[in-house]
Amino acid sequence: MRYFTTATISLGFLSALSGALFIYLWHLGIHWAWVQALLGLLTLTLWLTLPRPALAWSGFFTGILWFWWIAMSFRYYDLTWMIPLVILAVGLVYGLLFWAVGWLPHLFLRALALGVAEFIHPFGFDWFRPALMFTGSILGDRLWHYWLILTALSLFLFIKKPWRWSVFALLIPIYHSPMTNDRLPMAGEIQLVQTHIEQAKKWDPRYRDAIVDLNLQSIEIAIRNGKKAVILPESAFPLYLNTDIPLVKKLLRMSRHITIVTGALFTDGKHPYNSTYLFKAGRLRVMHKVVLVPFGEEVPLPRWMGRWVNDLFFGGASDYFTARKPSDFTMLGRTWRNAICYEATSDILFAGNPRTMAAISNNAWFAPSTEATLQHLLMQLQADRHGTVIFHATNGPGTGIIIPR
């Protein structure tokens with residue numbers, strides 16, 4: 001019963017709160033670089049020292065505080081009744097992971113487990129990255145920065161002498177000044193389109209023509225404003241765009257005046273793809289998504305079980321198909337990496353350290369929630385680690401340019 005005492009549960013919740021508070025502060029527009037770093041250090045210290053029962057509860061509440069919004073998308077599958085069950089399931093998954101870490105008998109072994117936590121992705125979901133607690137703070141968020149922080153904290157807790165405070169000198173090389181709002185010269189040549197279409201309306205045929213007209217108007221405005229390129233969100237055109245020949249021809253004509261990057265579905269007659277369409281100088285190129293959203297675009301389970309889940313919960317819809325590798329394209333004299341929503345935070349998309357990325361998202365699935373804030377922070381983390389400038393166009397919150405620091 002030691003798992004269910006008030007003290008154990010309270011300690012688990014408070015430690016989880018300290019590790020999630022930065023997300024909510026960012027969501028409210030509060031960026032306290034020093035406070036965020038101290039909260040991150042406090043959280044890791046607690047995760048290194050908590051008794052196993054409290055650590056299990058910390059994982060449970062961490063999963064919920066970071067990822068409760070996952071359940072919001074079930075509203076659009078007529079599965080609202082599953083929302084509390086999904087939130088509970090998310091908490092249990094991370095509670096079990098933290099419980100397993102708590103079995104490690106030594107401080108340094110627990111530090112090692114926390115160090116490799118960024119490589120542990122339940123069901124392929126890779127958004128739990130502890131180093132994210134330091135993104136935008138006065139400490140760096142690169143992987144070796146995170147490992148150095150764990151090393152310093154472990155030595156501080158292990159050494160019982162007064163001079164143990166000196167181990168924090170290890171953190172001097174990873175000190176970062178607060179983030180700046182520097183802009184790129186080419187930013188003025190690109191129009192990022194942010195739309196605010198409710199998910200319930202986005203795929204409703206009654207609104208399709210109005211949505212298409214809105215997109216065309218955005219492109220025309222960008223042309224009138226002298227922009228050289230325009231980037232629209234994921235699935236900006238809510239249809240299999242390659243099957244609408246008149247619309248494709250219209251976009252090809254418009255592309256003689258401006259380069260158009262937009263999201264839409266694609267079909268080869270058998271398989272559906274979530275894709276980016278590039279209309280440039282009267283020509284069309286289609287680039288397919290590489291990394292699918294677990295339980296959103298694919299069911300990460302054995303095939304027989306995946307078919308059962310699709311039939312039971314998603315009306316028999318099949319998983320999306322993917323490209324084999326990320327796609328690059330040229331625009332404005334630069335090479336760009338194409339990224340669609342969830343994959344814009346994935347390590348796979350940053351292979352080769354692309355200098356610029358065009359990322360498109362549909363965050364209306366989870367609005368209102370902290371999902372877009374967490375996505376932005378994860379993209380900032382990847383930008384920092386790979387030196388990538390990310391131009392991000394969204395339906396819902398999150399549109400903007402992310403510059404590595």
Side-chain angles (χ1 to χ4, degrees), residues 23 26-27 29 31 69 126-127 129 132 135-136 141 179-197 199 202 215 218-219 222 227-237 259-264 274-278 287 289-291 293 326-329 331-332 334-350 353-367 369-405:
I23 300 172
W26 274 87
H27 188 71
H31 307 154
W69 48 263
D126 61 357
W127 276 24
R129 296 175 179 265
L132 196 66
T135 297
D141 56 4
M179 298 176 66
T180 63
N181 293 319
D182 295 337
R183 293 184 61 83
L184 301 174
M186 68 173 174
E189 301 176 336
I190 301 172
Q191 180 67 57
L192 292 176
V193 176
Q194 182 175 18
T195 56
H196 301 278
I197 301 169
Q199 189 62 30
K202 189 168 183 63
N215 292 333
S218 296
I219 297 170
K227 304 295 183 180
K228 295 182 178 180
V230 58
I231 303 176
L232 289 87
E234 176 189 16
S235 61
F237 292 91
T259 298
I260 304 167
V261 179
T262 185
N274 188 354
S275 305
T276 297
Y277 286 71
L278 172 67
M287 298 165 284
K289 196 172 187 181
V290 178
V291 183
V293 181
S327 299
D328 292 335
F329 63 93
M331 183 171 71
L332 303 181
R334 292 172 175 257
T335 299
W336 295 69
R337 176 67 46 85
N338 173 62
I340 303 175
C341 199
Y342 174 74
E343 67 178 2
T345 64
S346 172
D347 293 333
I348 295 173
L349 268 289
F350 290 86
N353 299 322
R355 303 306 299 170
T356 49
M357 173 180 285
I360 57 177
S361 296
N362 177 23
N363 289 329
W365 279 102
F366 308 102
S369 75
T370 55
E371 178 270 341
T373 301
L374 184 57
Q375 180 196 40
H376 174 85
L377 288 166
L378 285 160
M379 293 171 72
Q380 181 69 61
L381 178 142
Q382 293 287 20
D384 295 345
R385 291 183 175 183
H386 298 279
T388 306
V389 178
I390 304 174
F391 286 73
H392 189 203
T394 67
N395 177 45
T399 293
I401 302 174
I402 299 172
I403 303 174
R405 62 180 191 134

Set of residues satisfying side chain to side chain donor-acceptor pair (under 3.5 Å) with respect to [X], sequence neighbours excluded:
X: Ser346; answer: none
X: Thr388; answer: none
X: Gln375; answer: Ser361, Asn363
X: Thr399; answer: Thr394

Gln380-Asp141 side chain donor-acceptor pair, cut-off 3.5 Å: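 Per modelled atom types, Gln380 and Asp141 side chains form no pair under 3.5 Å.
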
Say you draw a straight line from [atom1] of [X] to [atom2] of [Y]; how long is it, rounded to the nearest 0.5 Å?
X: Thr276; Y: Asn338; atom1: OG1; atom2: CG; answer: 3.5 Å
X: Leu381; Y: Thr135; atom1: CG; atom2: OG1; answer: 4.0 Å
X: Leu192; Y: Ile360; atom1: CG; atom2: CD1; answer: 11.5 Å
X: Asn395; Y: Trp365; atom1: CG; atom2: CH2; answer: 11.5 Å
X: Leu278; Y: Trp336; atom1: CG; atom2: CH2; answer: 11.5 Å
X: Leu374; Y: Thr345; atom1: CG; atom2: OG1; answer: 8.5 Å

Expected output: side-chain His392 to main-chain Gly398 donor-acceptor under 3.5 Å: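 Looks like yes, one N/O pair under 3.5 Å.
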
Within the structure provided, determine whether [X] and [Y] are in side-chain contact (heavy-atom separation under 4.5 Å).
X: Thr335; Y: Pro354; value: no
X: Asp126; Y: Tyr342; value: yes
X: Met357; Y: Gln382; value: no
X: Asn362; Y: Lys202; value: yes

For [X], which residues count as a ring pair (Phe, Tyr, Trp, His ring centres under 6.0 Å) partner, sequence neighbours excluded?
X: Tyr277; result: none
X: His386; result: Phe350
X: Phe366; result: Trp69

Nearest atoms (heavy-atom pairs only) where Ala383 meets Pro404: O-CB, 3.1 Å

Only counting residues at least two apart or in another chain, list the ones meeting side chain to side chain contact (heavy atoms under 4.5 Å, CB included) with [X].
X: Asn274; answer: Glu234, Lys289, Glu297, Tyr320, Ile340
X: Arg355; answer: none
X: Lys228; answer: Glu189, Leu332
X: Ala236; answer: Asn215, Leu232, Pro233, Thr262

Pairs meeting criterion salt bridge (charged side-chain N to carboxylate O under 4.0 Å, His left out) with involvement of residues 335-350, two or more places apart: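 Pairs touching residues 335-350 that pass the test: Arg129-Asp347, Asp328-Arg337.
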
